[in-house]
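Here is how names work: the chains are called A, B, and so on, in the same order as the sequence lines, proteins then strands, and each is numbered from 1.
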Protein chains: 2
Amino acid sequence: MAQTAHRPAPRYGNRPTMKDVAARAGVGLKTVSRVVNSEPGVTVETERRVREAIDALGFRRNDSARVLRKGRTASVGLILEDLADPFYGPLSRAVEEVARGHGALLINGSSAEDPDRERELALALCARRVDGLVVIPAGEDHRYLEPEIAAGVATVFVDRPAGGIEADAVLSDNAGGAREGVAHLLAHGHRRIGFIGDLPHIHTAAERLRGYRQAMAEAGAPVDERWVSMGPTGAERVARETVRMLSGPGPVTALFAGNNRVTVTALRVLAGREWPVALVGFDDVELGDLLRPGVTVVAQDAALIGRTAADLLFGRLEGRPARARRVELPTRLIVRGSGELPPAGE
Amino acid sequence: MAQTAHRPAPRYGNRPTMKDVAARAGVGLKTVSRVVNSEPGVTVETERRVREAIDALGFRRNDSARVLRKGRTASVGLILEDLADPFYGPLSRAVEEVARGHGALLINGSSAEDPDRERELALALCARRVDGLVVIPAGEDHRYLEPEIAAGVATVFVDRPAGGIEADAVLSDNAGGAREGVAHLLAHGHRRIGFIGDLPHIHTAAERLRGYRQAMAEAGAPVDERWVSMGPTGAERVARETVRMLSGPGPVTALFAGNNRVTVTALRVLAGREWPVALVGFDDVELGDLLRPGVTVVAQDAALIGRTAADLLFGRLEGRPARARRVELPTRLIVRGSGELPPAGE
DNA sequence: CTGAAAGCGCTTACAG
DNA sequence: CTGAAAGCGCTTACAG
């Protein structure tokens, strides 16, 4: 009783430690460590005794303690916008697979597109001493990560570049992809083309808009600013803007949807219309091939993006490149029908 | 030089520790700890000096060390089949949100439906001393987790029950949902209904098949075993089986698809057929409402499942229920058109 | 082949 | 208000 009075609360549910195993097996601590880590220099008989004690006690090495001593946690963090978004699932899985190949676990976090939450998550992961960090940025200022990167946390930005610091980045050719998609609509006779995108301060949204303007300019098609709408991609706003662009005098005859959320909402609105309206969306959508017409999209390869980022990360952890690298991956136009509809009424 | 000769490899990139901060601020270690953890009992002036040293050195507390001393890691593990599957994204996000509410991080792992990999992942997470584990089982024998659970790792099984041990579980009403879906087809005049499901040893697959048989029996509709196909849900097999059931004498007039992967493949096959074939799928599919006809499904609420599991987990961590609990969540039939098609040729 | 001592970077339990 | 000592559970660097 007197002994337990000053005992701290049971740690890890009072799990046995190497010390307990050593006592039970009648050997030294280091010998247990040798057996647990399959190090050489233990007789068959000693090993047997130790293994017996391990099994009897249900011992499992505490990797937290190991990590503290070794200096590497064999874990990487991934901060993305929303794990529930179909774009991030495959990306996350790809990062996980590469990490697994390097014996590392993956800690996932959703920023919910909130810069404060991104920062909070990133720093929490750094405090846990993840070896590396893959960040799909929500914020625009990443100087808060400078000391962490300097201290050795390998960091790769994905989808959008880092703000205010030099760092590796894996991006899609957003401007080029959007330009190709809009050029495709122009080639099918459209001149009045709407663009509905995400908030303008988001890098990908701005780049895609740039691609749109570029394609229009190259075709000598003037852009009426009422055809451009940037903002939150919730269903309500997107539906309202879609309807607006299709109404009034001089409505658009085609739409370019800035991401998969926009595409889905726009499709729902268009499904209820009498006139066919051409549509090309950025990002592929599941079942897009089964709709009538099929949905023409500018697709990104989420898994490839994730794999590329993770490869870059582990390359850095193995001490490879010195300077920050920026990788740009191509997009792919997938023609399925919706982007080849001719302008209505012509 | 002589001094560095025996220095171990730089740990955590030679990050400053509390000791370094204490030395620079000219205070004791404990005082730094007090400031870092916002504990009371430090003068304004002392705190200022400590904070100055922290900023100058770029100190960030090492949570690995903290965890070792405190006994709880404030992290939970989630093992699922495949993060890239659209069903698991929202589920994972929901678990993350609950964890976040409890100040915990989420470590994700995909088992790829491989029991060995599930085990390996689960034990790796236990070795890192996660506080709790949410497991979507790939294997059928979970006795390997018994010592871990006994040692205090809160564990909740999701989607399928644990094998060989008593543990909390959150399940969907798989049999009831399938039964309702098949009854819906029967109510629309079908008698020859095909069932294409996952591998028969998978709990959800077996339960859904049970629901199918139950509905058929209740309607007095005999089941021809050629209408039932259980196996891997890759596109090739599912497409082949779909075609087979629609061919030959006495083809099926309706299909029940055992999960979202099956539904998608079946839809692709049916899209190329002349005769309309009725279809009800288990699990909702994105854009299912936009297809013509819309896809009638038996939907599960992935986010609700995740939230329920996480709530159970943290309830247990806070020392609540003693006995293992099993929660069964209802499914919901969503009528959109494909399930209401009448039998072809009648 | 084996093990005692020191230390990873913190927190705990004291004592001043 | 402040800090020295002990300890969390391992691994490292030695010595026998």
Side-chain angles (χ1 to χ4, degrees), chain A residues 3-23 25-50 54 57 59-74 126-129 151, chain B residues 3-23 25-50 54 57 59-74 126-129 151:
Chain A
Q3 201 185 11
T4 37
H6 286 281
R7 253 242 213 78
R11 312 190 178 296
Y12 305 117
N14 270 334
R15 301 193 77 145
T17 69
M18 282 194 182
K19 206 173 148 192
D20 300 323
V21 175
V27 301
L29 191 58
K30 177 61 198 170
T31 298
V32 177
S33 173
R34 283 201 182 88
V35 171
V36 169
N37 295 300
S38 310
E39 286 168 22
V42 183
T43 52
V44 181
E45 165 57 15
T46 307
E47 169 160 1
R48 196 192 50 72
R49 289 225 313 282
V50 172
I54 288 177
L57 296 172
F59 169 80
R60 181 152 347 258
R61 183 181 64 196
N62 183 335
D63 279 353
S64 307
R66 174 166 223 250
V67 147
L68 180 60
R69 197 62 243 250
K70 301 212 80 139
R72 278 212 167 175
T73 55
C126 289
R128 303 217 173 189
R129 299 295 187 265
Chain B
Q3 203 185 9
T4 38
H6 288 281
R7 253 241 214 77
R11 312 192 177 296
Y12 305 117
N14 270 334
R15 300 193 79 144
T17 69
M18 281 196 183
K19 206 172 148 194
D20 300 323
V21 174
V27 301
L29 191 58
K30 177 62 197 170
T31 298
V32 177
S33 173
R34 285 202 180 86
V35 172
V36 168
N37 296 300
S38 311
E39 286 167 23
V42 183
T43 52
V44 182
E45 165 57 15
T46 306
E47 171 160 0
R48 195 191 52 70
R49 288 225 315 281
V50 172
I54 288 176
L57 296 172
F59 169 80
R60 177 144 0 250
R61 183 181 65 197
N62 183 336
D63 279 353
S64 305
R66 175 167 222 249
V67 147
L68 180 60
R69 196 63 242 250
K70 302 213 81 139
R72 278 210 167 177
T73 56
C126 289
R128 301 214 174 192
R129 298 295 187 264

Quiz item: What heavy-atom pair brings F59(B) and V36(B) nearest, and what distance separates the two atoms?
Solution: CE2-CG2, 3.8 Å

Quiz item: Counting just side-chain N and O atoms, does R69(B) come under 4.0 Å of either OP1 or OP2 of dT12(C)?
Solution: no

Quiz item: When you measure from the side chain of R129(A) to the backbone N and O of A65(B), does any donor-acceptor pair fall under 3.5 Å?
Solution: no

Quiz prompt | Spacing of D63(B) atom CG relative to dG9(C) atom C1', expressed in whole Å | solution = 11 Å

Exercise. Could you identify which residues of residues 31-41 of chain A place a heavy atom less than 4.0 Å from some atom of DNA chain C, listed by residue number, or say none?
Key: T31(A), R34(A), G41(A)

Quiz item: Any idea which heavy atoms bring R72(A) and V67(A) closest together, and the distance?
Solution: O-CG2, 3.6 Å

Practice problem: Using only side-chain N and O atoms of T17(B), determine if any of them is under 4.0 Å from OP1 or OP2 of dC8(C). | Solution: no

Quiz item: Which heavy atom in T17(B) sits nearest to a heavy atom in D20(B), and how many Å separate them?
Solution: N-OD2, 2.8 Å

Quiz item: Taking CD1 from I54(A) and P from dG9(D), how many angstroms apart are they, rounded to a whole number?
Solution: 16 Å

Quiz item: Whole Å only: how far is the CG atom of L68(B) from the P atom of dG9(D)?
Solution: 7 Å

Self-check item: Side-chain N or O of K30(B) closer than 4.0 Å to phosphate OP1/OP2 of dA5(D)
Solution: no

Practice problem: Find the distance between CG (N37(A)) and CZ (R66(A)) and round it off to the nearest 0.5 Å. | Solution: 5.0 Å

Exercise. Report the residues that fulfil salt bridge (Lys or Arg N to Asp or Glu O under 4.0 Å) with R61(A), sequence neighbours left out, ordered by chain and then residue number.
Key: D63(A)

Quiz item: For dC8(C), does OP1 or OP2 lie under 4.0 Å from any side-chain N or O of S64(B)?
Solution: no

Practice problem: List in chain and number order the residues that pass salt bridge (Lys or Arg N to Asp or Glu O under 4.0 Å) with K30(A), two or more places apart in sequence or in another chain; answer none if no residue qualifies. | Solution: E39(A)

Quiz item: What residues, two or more places apart in sequence or in another chain, satisfy side chain to side chain donor-acceptor pair (under 3.5 Å) together with R60(A)?
Solution: E148(B)

Practice problem: Using atom NZ of K70(A) as one end and atom P of dA6(C) as the other, report the distance to the nearest whole Å. | Solution: 22 Å

Quiz item: Quick one: stems for DNA chain D, with Watson-Crick or G-U pairs under 3.5 Å, at least three in a row?
Solution: C:1-3 with D:14-16, C:5-12 with D:5-12, C:14-16 with D:1-3

Practice problem: Mind checking the OG-CD spacing from S38(B) to E47(B)? Nearest 0.5 Å is all I need. | Solution: 7.5 Å

Quiz prompt | Separation of atom NZ in K19(A) from atom C1' in dC8(D), rounded to whole Å | solution = 11 Å

Quiz item: Can you name the nearest heavy-atom pair linking R128(B) to T73(B), along with the distance?
Solution: O-CG2, 3.6 Å

Quiz prompt | Gap between atoms CZ and C1', on R66(A) and dG7(C) respectively (whole Å) | solution = 16 Å

Self-check item: Selection from dC8(D), dT11(C), dC10(D) that lies nearest to any side-chain heavy atom of L29(A)
Solution: dC10(D)

Self-check item: Interatomic distance, N62(A) CG vs dT11(D) C1' [rounded to whole Å]
Solution: 13 Å

Practice problem: Establish, with yes or no, whether the OP1 or OP2 oxygen of dT11(C) is under 4.0 angstrom from a side-chain nitrogen or oxygen of R61(B). | Solution: yes

Quiz item: Taking CZ from R128(B) and P from dG9(D), how many angstroms apart are they, rounded to a whole number?
Solution: 18 Å

Exercise. Could you pick out which residue, T46(A) or A65(B), lies toward the 5' side of DNA chain C when each is mapped onto its nearest nucleotide?
Key: T46(A)

